[in-house]
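Per chain, numbering begins at 1; letters A, B, ... match sequence-line order.
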2 protein chains.
Amino acid sequence: MIFNLATGYALQALAGLPESGEYALTRDLAERLELPSPYLAKILQNLARAGILESSRGPKGGYRLARKADQISVEKILFALEGEDALNGCVMGFPVCDASHPCPMHDAWTAVKTQMEASIISTTLADLRRAAVFKSKPKSARKR
Amino acid sequence: MIFNLATGYALQALAGLPESGEYALTRDLAERLELPSPYLAKILQNLARAGILESSRGPKGGYRLARKADQISVEKILFALEGEDALNGCVMGFPVCDASHPCPMHDAWTAVKTQMEASIISTTLADLRRAAVFKSKPKSARKR
DNA sequence: TTAAATTAGGACCAAAGGGTCCGAAATGAT
DNA sequence: ATCATTTCGGACCCTTTGGTCCTAATTTAA
Ligand code: SF4
Ligand code: SF4
């Protein structure tokens, strides 16, 4: 996969968090998404530190989005969790990225990367929330 | 990055190995490419087990390609080192990949993936060997 | 003011990737 | 035969990622 696990969890979680008003509980969210609760908690903390989530402790506390869902791009989330240059460097993992000595895959890879960047920039949480896939997993995918 | 480090090393190494005749030494190869020699050795062993390389022990031994360079695709190398389904699954790392419940990035991701697959299938070692980037690293990239 | 609920933060554990090292097996040359 | 050379294979180490657990701090409500 391209993003790491935590980022995938974050996207699923963020897509299921309220935009404003009521805070949602880590525990409930983890249960709904069937994700490991303590690990999800860590991720949510990171997102809160990054300013993507607002948190409140104590009863009636929890997490909610810090901005409108359509103001939070997938790119912002990726960068918050994996660093600003998560998309920099050679997609094939080679150390030298010299345009004057491109390897034979360079043009193809560049196109791939451009396309990736375009989609993560233009896709926001508001788009993700419209997806059913985040809200219900088929029974067959659950461990028995 | 998308491929793991070992796969990148493998591509660089394979691009520098003889097609037939003389065997090349792991040590020399590692030195030329400035890669960690014992680790490269492991990777070459894996490639030999996978039938991509031929090996010979003892003096005058070493490694060489098992087939012509234009018969070895990047895909073959990827699959040998990272498994047949290295490209399967959701690029975003989500567990459920149900075409009937696509998330909003699905079409974009599918296009990215299709493009990736096309390039790794159509690019062979023969193509990679023509690249200068594998043969000389700029001094500035070396640790002093 | 006290108690319950909830995040914050750190210590800790496990698995995988990246990397080193060493002894055993094979092979070519003397 | 012997020896030097090289791959083979496994054991081992370090770092990162994924994941758990416990305690402290904060907030609400009785
Ligand atoms: S030229 Fe090849 S190795 Fe260099 S960045 Fe482009 S794809 Fe990677
Ligand atoms: S629909 Fe979305 S989550 Fe599912 S495989 Fe496609 S990109 Fe991944």
Next on the checklist: Without decimals, in angstroms, what is the distance between A:Ile43 CD1 and C:dA8 P?
Outcome noted: 14 Å

Next on the checklist: In this structure, how many angstroms lie between the P atom of D:dT15 and the OH atom of B:Tyr39, rounded?
Outcome noted: 16 Å

Next on the checklist: Under 4.0 Å, heavy atoms only, any strand: does A:Leu44 hit a base, just the sugar-phosphate, or nothing?
Outcome noted: nothing

N/O-N/O pairs, protein side and nucleotides 10-12 of chain C side, under 3.5 Å:
from   : atom 1 : to      : atom 2 : distance (Å)
C:dG10 : O6     : A:Lys42 : NZ     : 2.5
C:dA11 : N6     : A:Lys42 : NZ     : 3.2

Next on the checklist: It should be established whether A:Thr26 places a side-chain nitrogen or oxygen under 4.0 Å from OP1 or OP2 of nucleotide C:dT7.
Outcome noted: yes

Next on the checklist: What is the separation between atom CG on A:Asn4 and atom C1' on C:dA15, rounded to the nearest whole Å?
Outcome noted: 15 Å

Checklist entry - Within the side chain of B:Arg129, is there an N or O that forms a donor-acceptor pair under 3.5 Å with the backbone of B:Thr124? => result no

Checklist entry - Between atom CG in B:Leu5 and atom C1' in D:dC14, what is the gap in whole Å? => result 15 Å

Checklist entry - Among the nucleotides D:dC21, C:dT6, C:dG18, which one has an atom lying closest to any side-chain atom of A:Leu25? => result C:dT6

Item to check | Short side-chain N/O contact from B:Tyr9 to OP1 or OP2 of C:dG18, under 4.0 Å | outcome: no

Next on the checklist: Which heavy atom of B:Glu82 sits nearest to which heavy atom of B:Thr7, and what is that distance?
Outcome noted: OE2-OG1, 2.6 Å

Checklist entry - Which is true for A:Pro38 with a 4.0 Å heavy-atom rule: it touches a base, it touches only sugar-phosphate, or it touches nothing? => result base

Checklist entry - Where do B:Ile52 and B:Asn46 land on the side-chain contact (heavy atoms from CB on, under 4.5 Å) test, with the steps shown first? => result CA-CA 9 Å; B:Ile52 291 174; B:Asn46 288 338; over 6 Å; no

Item to check | Rounded distance (Å) that lies between atom P of D:dG9 and atom CG of B:Leu47 | outcome: 14 Å

Checklist entry - If you draw a 6.0 Å radius around CD in A:Glu117, do more than 12 non-hydrogen atoms from other residues or ligands fall strictly inside? => result yes

Item to check | DNA chain D contacts among residues 52-62 of chain B, heavy-atom distance under 4.0 Å | outcome: B:Ser55, B:Ser56, B:Arg57, B:Gly58, B:Pro59, B:Gly62

Item to check | Heavy-atom closest pair, residues A:Leu29 and A:Ala13 | outcome: CD2-CB, 3.8 Å

Item to check | Shared hydrophobic cluster for A:Leu25 and A:Leu33 (ILVMFWY, side-chain gaps under 4.5 Å) | outcome: no

Next on the checklist: Show, in sequence, the C-alpha distance, side-chain angles and deciding distance for A:Ile77 and A:Leu125, and conclude whether the side-chain contact (heavy atoms from CB on, under 4.5 Å) test is met.
Outcome noted: CA-CA 10 Å; A:Ile77 297 155; A:Leu125 279 186; 3.9 Å; yes

Checklist outcome for this item: When rounded to whole Å, the CG to P distance for the pair B:Leu17 and D:dT6 reads 15 Å

Next on the checklist: Can a donor-acceptor pair be found, under 3.5 Å and without considering hydrogens, that links the side chain of B:Ser119 to the backbone of B:Met116?
Outcome noted: yes

Item to check | Nearest-angstrom distance from the residue atom CG of B:Leu29 to C1' of D:dT6 | outcome: 14 Å

Only pairs under 3.5 Å count here: list side-chain donor-acceptor contacts from residues 57-65 of chain B, not counting sequence neighbours, and write none if there are none.
from    : atom 1 : to      : atom 2 : distance (Å)
B:Lys60 : NZ     : B:Glu22 : OE1    : 3.3
B:Arg64 : NE     : B:Glu54 : OE1    : 2.9
B:Arg64 : NH1    : B:Gly21 : O      : 2.6
B:Arg64 : NH2    : B:Tyr23 : OH     : 3.3
B:Arg64 : NH2    : B:Glu54 : OE1    : 3.3

Next on the checklist: Rounding to an integer number of Å, can you tell me how far A:Arg27 CZ sits from C:dA4 P?
Outcome noted: 15 Å

Checklist outcome for this item: 5'-most contact on DNA chain D (nearest-nucleotide basis), B:Ala48 vs A:Ala6, goes to B:Ala48

Item to check | For the student: nearest non-hydrogen atoms of A:Leu128 and A:Ala15, plus distance | outcome: CB-CB, 4.3 Å

Next on the checklist: Classify A:Tyr23 by what it touches in the nucleic acid, base, sugar-phosphate, or nothing, heavy-atom distance under 4.0 Å.
Outcome noted: nothing

